[in-house]
Amino acid sequence: MSQQPQAKFRSDYQSPEFTISDIDLVFDLDDTNTFISATSKVQQLKKSTDLLLEGEGMTLVSLKINDVDHDDYTQTDTQLTIHNVSGDFTLAIVTEVNPQENTALEGLYKSGDGFCTQCEAEGFRRITYYLDRPDVLARFTTKVIADKKAYPHLLSNGNRVSHGDLDDGKHFVHWQDPFPKPAYLFALVAGNFDVLTDTYKTKSGRDVALEIYVDQGNLDRTPHAMTSLINSMKWDEDRFDLEYDLDIYMIVAVDFFNMGAMENKGLNVFNSKFVLAKQETATDTDYLGIEAVIGHEYFHNWTGNRVTCRDWFQLSLKEGLTVFRDQEFSSDLGSRSVNRINNVRIMRGPQFAEDASPMAHPIRPEKVIEMNNFYTLTVYEKGSEVIRMMHTLLGEVNFQKGMKLYFERHDGTAATCEDFVLAMENASGIDLTQFRLWYSQSGTPVLSVTSEYDEVKQEYALTVKQHTPATEDQTEKSALHIPLDIELYTRDGAVMELRCNNENIGNVLNIVEEQQTFVFQDVSEKPVVSLLREFSAPVKLNYAYSDEELIFLMIHAKNDFARWDAGQMLLANYIRANITHVQNNESLVLPEVVVDAFRGVLLNAELDHAFIAEMFVLPNHNEITGWFDTVDVDAIDKALGFIKQTLARDLKDEFSATYHSLKQEIYSVDHDAIGKRSLRNCALSYLAKTDVGESLVEAQYNSADNMTDTMAAMVSANSAELSIRETLMNDFSEKWSHDGLVMDKWFILQGSNPNIEALSTIKETMNHKAFSLKNPNRIRSLIGSFAASNAVNFHSKSGKGYAFLGNILLDLNVSNPQVASRLIDPLLKFKKYDSDRQTLMKEQLQRLADLDNLAKDLFEKVTKALA
Ligand code: TRP
Ligand code: ZN
């Protein structure tokens, strides 16, 4: 490294020396030479007369103070310091950028034929020199100038105030955003789009124009996004009493995008993956993902835009809260239990893995080198769990009072996580002093629970110990305030009343000490306890359940989540046992009672189809990795394969009956139809492991009239390594190679191909005409799936999987560091593997560390991992 990147610390926060109240932007768009003029009203707030602006990757053309050329400034690669300025003044800066060459997709860049911007977190400084920090809020106007034929649509934040034609075939549109905002919420888009329009009447009766912009020819893939937007607007009014505030809401879908979507004020920019859907091209999972992301970005208008973050350490203030809101939205519109199950899978798999990695951090980080590295599962998903725990402790009514107070106090400002907790505390009267530790302490707490029944006293005692193991960022841990939701059942499955100290109590126990015992009275028989219902806290649970108790809970627990969790624990016991058997060269076992319990689930007509399907999804390789200090990749694979195979063999008739009875004649995407497809395709994935696999999979592929069923056939062929796989893959690629988004599904299958020859095919696949190392979706589909979910091949003893990823990272370090930095995560976790593999993984990290142009995104992760 020529210059060591510097870390910033949360504790160093200082309010700004200067602020900007208004900024007028003019963009003269050109592929390689775009000129941007930025005229700002600046106010000095403190005594310094040096105005320090952020800026990188552009040329400074001119600088004026109060209309006079000003050359009293100094410049570095990343900053411009203007000397001898004070009071109120006007700053006019002209910069020049090259959108065509911007492969990092931050700032202003070209996506296909159009222009777009991405400014969160620190991208605006690639457009002009600015106070690029979220606590500087300005009113923006934006004039966009471009060739009229190539770019008939010119968009920016707020309301369109004027437009007109100019010389040389150019035109302009002038936008004005009345809401002061930080620069990260700025957006500009220019292109030639098809537009779907609609209107929404808010509950106070205002009409809002809704516009969804997509590449030409894609209009038939936009209706679901529009429905999702309208549903989001209605839901936020109904559940949170929050109404939209501008007269127009625009969404633009682009093909080149580093993340999912971006909540720019009035002008969301989306990865096209989270907008475009029709029956022939999108799976049910895609449909639900679109609903969730459209909701997420819309909900940011209040939690993110109207109240933003004071500094980037507070990111979870908007992201954790907005994820909580989008999860509630999906749960209110669809299946609450299926949503909860999938969110918990993310926590127990990748989020727990992040806690165990060199990148461990609290939901409010203390130290950051590259902010883009902190858009993490911890900040987003664990952040949402922390909000959810407050919701559990306060209840819906008090929680909504807290939200109301939060907006009363902070609307139009940049706030902190502390401001949010204080509003919740003040509105509810519930003490959250100890609870606040969830914001500053990293890692996954472990709850170890034991129970004792006293028949004579008719008492049942639960002893709960909490312990948070040290993480790589933090060794000292304290006791947290953990809400533990429980239920006690009689032998016939009746719910027992919970009585403690001669009082009836609710289901949520407050765990606040290192060790606590709860004694329940009037317990007439030895109960079966259901613990951590709804995953009431993001912790690991240890309790020595017997198989009988777990099977009992699978049948009798009163909520679906608890039934699912019991099933997962039962499977976990046998996955662990069989991993040991593999290691000891013993024969593998899955007792008949376990198979029978799952048979019971499959035949239970009272259960939701979608829920039954979830019961049959085994914990995946990544989640199992979290159960061990040192991971035996091949043993996990064999144990999982054995369990799947055994269930498939023993339940073949039931799966077959399920499969044939759930065929639907007419396609629709309502939740009932999705549930039926989900269970039917779950049955197919098991039947693929039996002698009818080849023929069923082939028949389904050939008869499918929708992408969900097509993909289910292909996924089954891929994971069961059926011989039909090649035929299906070739057919699919011929049909869809013109469509990158659809081909991503195919690239994922190539990347996650369990065949031991997969890597050489993956390398060839990089020459496929639909593949490009410039497009983040393609990279993630092929290479991301290989590194993150093809454990056996990625961790091949030869080291070839690691070297392949290392080579790709060397490329992306230059072209798109943000994407590189997400792709590298599996390599950071080398400590989980045997010493041979550790050496090979570290070799790849070292290759990067040795670069003299290592991007700071990768620098932060590589140095942490190798430290
Ligand atoms: N704020 C966005 C969201 O959560 C995510 C985001 C952050 C983002 N940085 C980005 C999106 C960079 C695209 C590119 O909704
Ligand atoms: Zn977000």
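Just so you know, ligand 1 is whichever comes first in the structure, and atom 1 is the first atom listed for that ligand. Positions are given from 1, in the same order as the sequence printed here.
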Residues passing the side-chain hydrogen bond (donor to acceptor under 3.5 Å, both in side chains) test with T416, sequence neighbours excluded, are D419
Between [X] and [Y] (judged by ring centroids, cut-off 6.0 Å), do the two rings come close enough to count as a pair?
X	Y	answer
F747	F771	yes
F115	Y109	no
F324	F299	no

| Stepwise, does the side chain to side chain contact (heavy atoms under 4.5 Å, CB included) test hold for L25 with T141? | CA-CA 6 Å; L25 291 160; T141 74; over 6 Å; no
The Zn ion (ligand 2) -> H296, closest N, O or S atom is NE2
Restricting E319 to its N/O/S atoms, the closest one to the Zn ion (ligand 2) is OE1
So salt bridge (charged side-chain N to carboxylate O under 4.0 Å, His left out) across residues 258-267, not counting sequence neighbours, yields D245-K265, E263-K318
Under 4.0 Å from ligand 1, residues with heavy atoms, in chain and number order, are Q118, E120, F257, M259, A261, M262, E263, H296, E297, H300, K318, E319, Y375, Y380, Q818
Taken in chain and number order and not counting sequence neighbours, the residues that satisfy side chain to side chain contact (heavy atoms under 4.5 Å, CB included) with T863 are F859
